[in-house]
Amino acid sequence: MKIVDIKVIVSCPGRNFVTVKIITDEGVYGVGDATLNGRELAVAAYLEEHVAPCLIGRDAQQIEDIWQYLYRGCYWRRGPVTMTAIGAIDTALWDIKAKAANMPLYQLLGGKSREGVMVYGHANGSDIAETIDEVAKYIDMGYKAIRAQSGVPGLDSTYGVAKEKMYYEPADADLPTENIWSTQQYLRHVPKLFDHLRDKFGFDHHFLHDVHHRLTPNEAAGLGKSLEEYRLFWLEDAVPAENQEGFRIIRQHTTIPLALGEVFNTIWDCKNLIQEQLIDYIRATVVHAGGITHLRRIADLAAIYHIRTGCHGATDLSPICMGAALHFDTWVPNFGIQEYMRHSEETDAVFPHAYTFKDGYLFPGEASGHGVDIDEKLAAKYPYKRAYLPVNRLEDGTMWNW
Ligand code: KDG
Ligand code: MG
């Protein structure tokens with residue numbers, strides 16, 4: 001089964017997405033997500049100029065060899081642009097293999113380890129009262145797990161807090177907007193948020209919280225301690241992920257479960273964190289961590305150390321990534337949870353998919369392949385629109401972490 005064409009499709013149905021479509025001489029094709037929020041065209045060019053020409057004529061069934069060719073064969077290994085491009089090709093090839101076998105992808109991976117994939121939704125409010133209302137809506141929709149974020153008093157704009165209610169879109173401007181951040185105000189506010197939430201809803205639901213890399217290890221240790229009584233499912237991205245040793249400080253002081261890794265691209269980014277058992281959940285996912293082939297290796301390493309998966313699932317990962325992740329989640333033995341931020345109707349129309357939501361769980365569906373396609377005609381109606389995440393500064397103007 002030879003690869004005869006590779007298309008790179010860039011479109012903006014509500015937000016930008018990059019999609020790879022690999023076509024074979026047997027007429028079977030596969031699609032992969034290649035979206036890197038705010039750097040979309042870098043991956044599109046990488047694929048068009050440096051990957052596609054090398055793959056034409058190769059056997060589409062040789063997924064492992066193609067993965068190694070793109071990883072080892074490129075002198076400049078790793079990094080988000082390279083690994084997103086590899087992830088997209090790998091996803092499309094697994095889609096082809098499963099379609100050729102006439103099986104849903106989870107069957108090829110080893111079959112079902114569970115009936116449904118528990119997901120968490122995003123409840124955001126401009127203050128605690130609004131967040132409580134949003135959490136109530138998710139509970140009414142059947143969610144078992146909810147990420148809760150709230151605006152911080154004294155700060156005009158807080159990451160993760162929606163402008164529209166259904167989901168938030170962090171890449172909100174043609175050039176980056178600037179937000180002001182205060183660690184002091186934030187640390188005072190978050191324990192109050194979870195105190196109110198547990199008071200109102202009790203302890204039957206899982207609550208999660210994303211710090212978005214804003215703290216130092218010592219501050220994160222303090223926050224973890226102050227949140228322990230509210231029994232969070234996890235505290236995410238407490239400190240910037242480069243400082244891996246910092247997690248030892250957090251661990252010495254708190255038992256709050258820690259999640260990390262949505263910005264990780266390879267097993268090398270999380271090897272020490274996993275082997276030292278400094279985290280509880282690894283958030284790497286298909287699109288940014290080298291596809292199914294590589295994500296499987298990360299999950300297997302994590303399993304040895306009692307670490308479970310918690311794949312990133314924000315709206316800047318296309319429904320193709322979500323579909324592939326759901327097959328992975330259905331198989332992976334050490335599954336923890338899947339993020340599900342829900343795409344807009346425009347996005348869903350461009351990416352028809354087999355996955356469905358019911359009672360707090362997603363189901364990948366029984367279509368062969370990963371079950372997600374792209375409507376190229378519709379996609380062509382939405383041209384690329386440059387969009388950036390905001391940047392953060394401290395109150396005195398110092399640049400801070402996103
Ligand atoms: O591109 C950045 C987003 O994916 C990120 O802001 C979302 O932190 C995020 C999350 O946990 O979904
Ligand atoms: Mg996050």
Side-chain angles (χ1 to χ4, degrees), residues 28 30-33 60-64 66-67 83 86-120 144-145 233 259 261-262 264-267 270 274 279-313 317-340 353-373:
V28 184
V31 292
D33 180 20
Q61 299 273 20
Q62 292 186 355
I63 299 178
E64 187 65 49
I66 289 176
W67 196 97
M83 296 310 293
I86 295 178
I89 296 290
D90 187 79
T91 306
L93 292 176
W94 276 103
D95 192 26
I96 289 171
K97 198 180 263 306
K99 281 175 178 169
N102 198 23
M103 283 180 186
L105 176 55
Y106 74 79
Q107 291 289 13
L108 269 192
L109 295 175
K112 276 188 192 177
S113 297
R114 59 198 49 80
E115 292 307 319
V117 170
M118 184 171 73
V119 297
Y120 69 90
K144 313 279 179 257
F233 188 93
E262 67 183 44
F264 288 174
N265 314 122
T266 68
I267 201 165
C270 45
I274 290 174
I279 56 172
D280 300 278
Y281 295 93
I282 179 71
R283 302 238 323 117
T285 194
V286 179
V287 53
H288 299 137
I292 295 278
T293 297
H294 196 63
L295 190 60
R296 217 159 50 154
R297 301 214 157 98
I298 295 176
D300 282 343
L301 178 67
I304 298 172
Y305 298 97
H306 309 278
I307 293 164
R308 295 191 285 159
T309 63
C311 287
H312 188 199
L317 285 54
S318 94
I320 297 173
C321 175
M322 178 57 75
L326 290 171
H327 284 267
F328 170 82
D329 294 337
T330 298
W331 157 74
V332 70
N334 50 325
F335 171 74
I337 200 165
Q338 167 69 51
E339 181 179 13
Y340 179 44
H353 51 262
Y355 60 80
T356 50
F357 173 86
K358 191 164 184 263
D359 293 335
Y361 293 87
L362 276 172
F363 302 87
E366 294 299 315
S368 62
H370 56 48
V372 189
D373 207 343

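- The CD atom of Glu262 sits 10.5 Å away from the OG1 atom of Thr285 when rounded to the nearest 0.5 Å.
- Across all their heavy atoms, His353 and Pro319 have their closest contact at ND1-CB, 4.2 Å.
- Arg283 and Ala259 make their closest contact through CD-CB, 3.9 Å (heavy atoms, listed as atom of the first residue, atom of the second, distance).
- By the 4.5 Å heavy-atom criterion applied to side chains, Ile307 and Asp280 are not counted as neighbours.
- The line from CG of Leu108 to NE2 of His370 is 12.5 Å long, rounded to the nearest 0.5 Å.
- Proximity of Ile282 to Arg308: side-chain heavy atoms (C-beta onward) are nowhere separated by under 4.5 Å.
- How far SG of Cys270 is from CG of Asn265: 10.0 Å, rounded to the nearest 0.5 Å.
- The closest side-chain heavy-atom distance from Asp329 to Leu326 is below 4.5 Å.
- Taking the side chain as every heavy atom from C-beta outward, Val117 and Phe363 never approach each other to under 4.5 Å.
- Closest non-hydrogen pair, Gly365 versus Pro104, comes out as O-CB, 4.1 Å.
- Classification of the His312-His288 ring pair by plane angle, with boundaries at 30° and 60°, yields tilted.
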When you look at Trp67 and His294, which way does the ring-ring contact (aromatic ring centres under 6.0 Å, His included) test go after all the steps? CA-CA 9 Å; Trp67 196 97; His294 196 63; 5.1 Å; yes
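- Minimum heavy-atom separation, Ala100 to Gln61: CB-NE2, 4.2 Å.
- Under the 4.5 Å side-chain criterion, counting only non-hydrogen atoms from C-beta, Val372 is not in contact with Met322.
- Using a 4.0 Å cut-off between charged side-chain N and carboxylate O, Arg296 and Asp300 make no salt bridge.
- Using a 4.5 Å heavy-atom threshold, the side chains of Met103 and Ser368 count as separate.
- Taken to the nearest 0.5 Å, the CD1 atom of Ile337 stands 11.5 Å off from the NZ atom of Lys144.
- When all heavy atoms of Ala299 and Val332 are compared, the closest pair comes out as CB-CG2, 3.7 Å.
- If you check the side chains of Gln338 and Tyr361, you find no donor sitting under 3.5 Å from an acceptor.
- Going from atom CG of Leu317 over to atom CG of Asp33 covers 6.0 Å, rounded to the nearest 0.5 Å.
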Could you walk me through whether Lys97 and Leu93 pass the side chain to side chain contact (heavy atoms under 4.5 Å, CB included) check? CA-CA 6 Å; Lys97 198 180 263 306; Leu93 292 176; over 6 Å; no
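- Counting heavy atoms from C-beta outward, Cys311 and Val286 have side chains that stay 4.5 Å or more apart.
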Given side chain to side chain contact (heavy atoms under 4.5 Å, CB included), test Leu105 with Phe328 step by step and report yes or no. CA-CA 8 Å; Leu105 176 55; Phe328 170 82; over 6 Å; no
Using the side chain to side chain contact (heavy atoms under 4.5 Å, CB included) rule, take Phe357 and Val119 through it: C-alpha gap first, then chi angles, then the decisive distance, then the call. CA-CA 9 Å; Phe357 173 86; Val119 297; 3.8 Å; yes
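- Using a 4.5 Å heavy-atom threshold, the side chains of Trp331 and Lys112 count as separate.
- By the 4.0 Å N-to-carboxylate-O rule, Glu64 lies close enough to Arg297 to be salt-bridged with it.
- If you look at Phe233 and Tyr281, their ring centroids are closer than 6.0 Å.
- For the residue pair Val287 and Cys321, the shortest heavy atom distance occurs at CG1-SG, 3.5 Å.
- Note: Ile298 CD1 to Thr266 OG1 = 6.5 Å, rounded to the nearest 0.5 Å.
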List the steps, then state whether side chain to side chain contact (heavy atoms under 4.5 Å, CB included) holds for Ile66 with Ile89. CA-CA 9 Å; Ile66 289 176; Ile89 296 290; 4.1 Å; yes
